[in-house]
Every structure is written in structure tokens, then in C-alpha cells.
Amino acid sequence: MGEASTKDKPGRTTAQIEADIERTRDRLAGTLDELAVRIHPSTVSAQVKARARATVEEKAARAYVAANGLVEKVRAQFVDEKGQPRKERVVPAALVGVGVVLLVASARKRRKD
């Protein structure tokens, strides 16, 4: 193989060969430096933190959208298209809410006694 490769190339000078070797060394040194940065613990830690943060933010955004959709569905049950409250639905819901509050207050009072 070595013999065929030297036959394919026209005669190169020693200076050209040394220059090629120097360029190859420089590229190799750059590659090694890049690898050292990539595997450095602080780099790996920063990448893991960034991925974790992105995952949390994505899940929080999805939860926000889902909660917002749910709130809109509930709101639609108590408000008409014009934005006016639907009394036939608001009054019973308010009465149930008041009843729950009174029930909780009554249970707390019994515990104290």
C-alpha cells in the first residue's frame, strides 16, 4: 500500500511532507482539545442541567395549557357567549360552595369540642 501511494503522487519535497505532518498534528491537537472540553465534568454537568431545565419547562408549559383549557371549559359552563353569568348555573354552584364551607367549619368546631 505504501508503495502504491507514493507512485500515485508526484515527487514531494521533504518540506511539503513536513508541512503536511504539521497540519495533521494541528488538526489532531484541535480535535483533542475539543474532546477534552466536551468530556470535562463542568461541560457535562451544564448539558445535563440544560436538558433537565428544558424538560421541566416543557412539562410546565403543557400543564399550563391543559389547566387553561380546563378553566375555559368550566368558565363556559357558567358564562354565556356574551360574557354574562348564567344564573341558573351560578346560583346552585354557589350554594354548594357555601354548603361545603359550612360543613368544613362544622367539622372543625366538633373537633375542638
Side-chain angles (χ1 to χ4, degrees):
M1 180 169 161
E3 196 175 322
S5 63
T6 55
K7 286 183 179 178
D8 293 341
K9 295 184 180 181
R12 295 178 5 168
T13 66
T14 304
Q16 290 172 328
I17 294 171
E18 287 175 352
D20 284 347
I21 291 171
E22 188 60 33
R23 282 192 297 274
T24 302
R25 282 184 183 150
D26 289 343
R27 282 196 316 266
L28 180 58
T31 301
L32 290 174
D33 289 344
E34 183 180 337
L35 287 173
V37 169
R38 284 185 185 182
I39 64 169
H40 193 275
S42 63
T43 304
V44 173
S45 174
Q47 289 172 343
V48 169
K49 285 179 186 177
R51 281 190 215 123
R53 185 177 293 120
T55 301
V56 168
E57 287 174 358
E58 179 184 346
K59 292 193 184 287
R62 286 184 182 180
Y64 175 79
V65 169
N68 195 28
L70 182 61
V71 167
E72 283 301 315
K73 284 181 183 179
V74 170
R75 184 178 181 276
Q77 297 297 315
F78 295 100
V79 178
D80 64 12
E81 297 81 26
K82 296 177 185 176
Q84 300 298 318
R86 294 181 178 179
K87 292 179 183 169
E88 70 276 3
R89 293 188 179 173
V90 172
V91 172
L95 291 174
V96 168
V98 168
V100 168
V101 168
L102 291 174
L103 184 63
V104 169
S106 173
R108 284 187 177 182
K109 185 177 179 182
R110 286 184 192 163
R111 283 189 211 157
K112 287 182 180 179
D113 293 337

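This is a predicted model, so every value here is computed, not measured.
- The two atoms that bring Gln77 and Arg89 nearest to each other are O-CD, 2.8 Å, heavy atoms only.
- Of all non-hydrogen atoms in Lys87 and Pro92, the two that sit nearest each other are O-CD, 3.9 Å.
- Side chain of Thr55 to main chain of Arg51: a donor-acceptor pair is present (N/O by atom type, distance under 3.5 Å, no hydrogens or angles).
- Taking 4.0 Å as the cut-off between side-chain N and carboxylate O, Glu18 and Arg12 do not count as a salt-bridged pair.
- Atoms CD and CZ, on Glu88 and Phe78 in that order, are 10.5 Å from each other to the nearest 0.5 Å.
- The only member of Arg27, Arg23, Glu22 that meets side chain to side chain contact (heavy atoms under 4.5 Å, CB included) when paired with Arg25 is Glu22.
- Across Thr14, Asp20, Ile21, a single residue satisfies side chain to side chain contact (heavy atoms under 4.5 Å, CB included) together with Ile17, and that is Ile21.
- Between Thr43 and Val37 the shortest heavy-atom distance is OG1-O, 2.8 Å.
- The CG atom of Leu102 lies 11.5 Å from the NZ atom of Lys109; values are rounded to the nearest 0.5 Å.
- Put simply, the residue from Val91, Val90, Asp80 that forms a side chain to side chain contact (heavy atoms under 4.5 Å, CB included) with Pro85 is Val90.
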